[in-house]
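Everything below concerns the one structure shown next.
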Amino acid sequence: MSRQYTLQRTPRSTSIHLDYAAELNEQQLAAVTAEPGPLLVIAGAGSGKTRTLTYRVAYLLENGIDPRNILLLTFTNRAAREMLGRVANLLPVDASELWGGTFHSVGNRILRRHGSALGYSSGFTIMDREDQKDLIDTVVANAGIDPKEIRFPKGDVLAEIFSFVVNTEKPLEELLVEKFPYFLPLLDKIQDVHERYEKKKKATNSMDFDDLLEKTLSMFQEHERIAEVYRRQFQFILVDEYQDTNKIQADLVDLLARDHRNVMVVGDDAQSIYSWRGANFQNILEFPKRYPDGQVFKIEMNYRSVPEILEVANAAIAANVQQFRKHLSSTRESKALKPALVALNDGAEQAQFVAQRILELRDENVDLNDIAVLYRAHYHAVELQLELSRRGIPYQITSGIRFFEQAHIKDVTAFIRFVANPRDEVAFKRMVKLLPGIGNRTAENLWQAWAAGVVAADVDRGSEKESQAAGVSASGYSFGEPLQAMNVSAKSKKMWTQLAHTLDEIAPGGQPNPPSEMITSIVEAIYDDYAKVNFTNYELRREDLDQLAVFARQFKDVHEFLSQLALISNVDAEATSVQGADKEAVNLSTVHQAKGLEFHTVFVIWLTDGMFPSSRSLDTRDALEEERRLFYVAITRARDELYLTYPQMRLSGGYGDVFQRPSRFLQEIPNELLEDWQVRRR
DNA sequence: TACGTGGCGCTTTTT
DNA sequence: GCGCCACGTA
């Protein structure tokens, strides 16, 4: 028999500081002060979701919960930082020991500690989509698949398929039937590639984004002792944006909360917009089934938008079949100003309209930072960017390519990745291919030679699994020496020697220098010359690299630096001001990236059928409903003014102009809710 | 085997 | 307007 013994909480603060009843509305208060247990908070847009979560954390802390026992999972790292910042403002507590961040970053943190249980060393590399594609391509090549004989999916397509398999926890065959039926004849071969890819990742001590979730989960499932540690640690689990979790994330939460069931999930089914990434909003719809003893709270009072905007939002989402019906009601006073519906001739005119309105708004003292232009896809913004530049209106764009995904950044970090993880095949090949006379074939041969040495080194060390990668770089080790010993063509010889020296310089005795110093060394010794010759915009790229060195200064540990690089989102990066500039600027963003934000004025542009909704989403009802939710998200970002614009013509390169139909979503909104603006040229 | 050249197809959303 | 691929040459 086992005995249940409860340790009493040590009260941290003797008095309760916050007057919760005064700071929160009734619905929020109920959620914030709920008894421990499963809690589902259905939070409409602008209803104070973040506020509720923040106060819940504060409430737990004030009731003596140790910050170490709280896990706060958010959609971006920035969201976690902001919430914890607010908690710190509310309470005189040090919450720095509270775990907060994205599922991926938390997975990373746990795997760095316990990855050895799965045969990974703590210095594993995190691969982004491009690395993943590269590695899959080499795997396909090694699998003896001749691209001339059969048409086989490319690395990026396979990466997407594998990612779906992991995130939805579906067998490959089922997934192919549903999403890629035309690949069914290749099932066996794809399966084979998948297995080889998994092995390859292990051999190169690398994990892709999905592994950070999947490996964490499987480690918990296979190693009860480790799972137990975290079950005990995370006594209270809070999840933001729960509607955008996928199966594996939901399982992770369920597993951790198995014993205590203190899990609070917050979300809005109407804002689920990531199904293409495996998100499944059934997670939120079925939460009450999985936790029948749980409590459900609905917070539906909207503090953000004026009633006129909210009515449009309610109308916009009404056509969706799959949803928790709810009706947002506004707490704000009517402005007697209806959202605008604006038809324009073409994209250029649309850009002129937006730009002109922005200038007028600025004259009315609306802060430029408080204005956003939202669109379905990045390329919808090109004309607008031109127009804004022409008029000297500063803008800030959360771009599609992340800063850290640019070629020059990845080239330089390849050197760092390699010395941090000498088994990183992708990084090694990328690095050596920068040298003249080294292409795919030679890189492969050089890698084979290097890998043989690494394995030998592991054997010498008596193959302590713990320290495989770290072991190779243990004291007295040189990266340069074994490289010098390899054969390269006369054409490459000079730079090859240079490379060997550089590696010893950045990792003397096998120990990597601080990241910032490494960057400077690599750029000066090798990359600067390379960049001058290979890029037309050398100056810009050099500036980026200098910026990278500055950014790197805050990290002393290589692995920490590389993890950050891989896991930071562009929304996060902006806040870290990697790209500088926190001056006044209009925000240009995809709707996806604007999730969770709000602005005084919002323009939603390119509202034509095929653009928004995207033509790719017109086939199935589910896809169309998701587009509609996306439209809903766009509308509900606006506090005071909303402009819905659509060009009637699209100038497409070469083939003449194409007439555009107004978005079907616009037709779903009753006329009387919008004001028709007739735009005239003069 | 590396790398330059010309043609082609094409454009969703991202941790 | 851009990147990817196939092809041909050094």
*Have a look at I438(A) and say if it touches a base, only the backbone sugar-phosphate, or nothing, with a 4.0 Å heavy-atom cut-off.*
sugar-phosphate

*Integer-rounded Å distance: dT15(B) P and I273(A) CD1*: 11 Å

*Take atom CD of E241(A) and atom P of dT14(B), then tell me their distance rounded to the nearest Å.*
15 Å

*asked:* Let's see if you can work this out: which of dT14(B), dT15(B), dT11(B) has an atom nearest to the side-chain heavy atoms of H104(A)?
replied: dT15(B)

*What distance, rounded to whole Å, do you find between the two C1' atoms, one in dC4(C) and one in dT13(B)?*
22 Å

*Are OP1 or OP2 of dT13(B) and a side-chain N or O of Q593(A) less than 4.0 angstrom apart?*
no

*So, is H380(A) close to the dT13(B) phosphate, meaning a side-chain N or O under 4.0 Å from OP1 or OP2?*
no

*Check whether any side-chain nitrogen or oxygen of T76(A) sits under 4.0 Å from OP1 or OP2 of dT15(B), and answer yes or no.*
no

*asked:* Heavy atoms from C-beta onward define the side chain here; which of dA2(B), dT15(B), dT11(B) lies closest to that of T442(A)?
replied: dA2(B)

_Both F75(A) and Y379(A) contact DNA chain B. Which one's nearest nucleotide lies toward the 5' end?_
Y379(A)

_What's D128(A) touching, base or sugar-phosphate or nothing? Going by heavy atoms closer than 4.0 Å._
nothing

*Atom-to-atom span, CD1 of I605(A) to P of dT13(B) - whole angstrom*: 13 Å

*Any side-chain donor-acceptor pair under 3.5 Å between N283(A) and K247(A)?*
no

*Examine distances only and state if a side-chain atom of R629(A) and a backbone atom of I273(A) form a donor-acceptor pair shorter than 3.5 Å.*
no

*Using whole Å, report how far OH of Y530(A) lies from P of dC3(B).*
9 Å

*Measure centre to centre between the rings of W447(A) and F428(A), then say whether the value is under 6.0 Å.*
yes

*Write down the distance between CG (D134(A)) and C1' (dC4(C)), rounded to a whole number of angstrom.*
14 Å

_Nearest-0.5 Å distance that lies between atom CE in M207(A) and atom OH in Y120(A)_ = 5.0 Å

*Given dT15(B), dC5(C), dT11(B), the nucleotide with the shortest approach to the side chain of F209(A)*: dT15(B)

*Nearest nucleotide by nearest heavy atom, which residue falls closer to the 5' end of DNA chain B, P436(A) or L630(A)?*
P436(A)

*Could you tell me whether a side-chain N or O of W496(A) sits under 3.5 Å from a main-chain N or O of V432(A), the two making a donor and an acceptor?*
no

*With a centroid cutoff of 5.5 Å and a plane-angle limit of 30°, would you call W276(A) stacked on dT13(B)?*
yes

*Where the side chain of H378(A) is defined as all heavy atoms beyond and including C-beta, which of dT11(B), dT14(B), dT1(B) is the nearest nucleotide?*
dT14(B)

*Can you figure out which of dT13(B), dT1(B), dC5(C) approaches the side chain of T590(A) most closely?*
dT13(B)

*Nearest to the side chain of R441(A), which nucleotide is it out of dT13(B), dT1(B), dT15(B)?*
dT1(B)

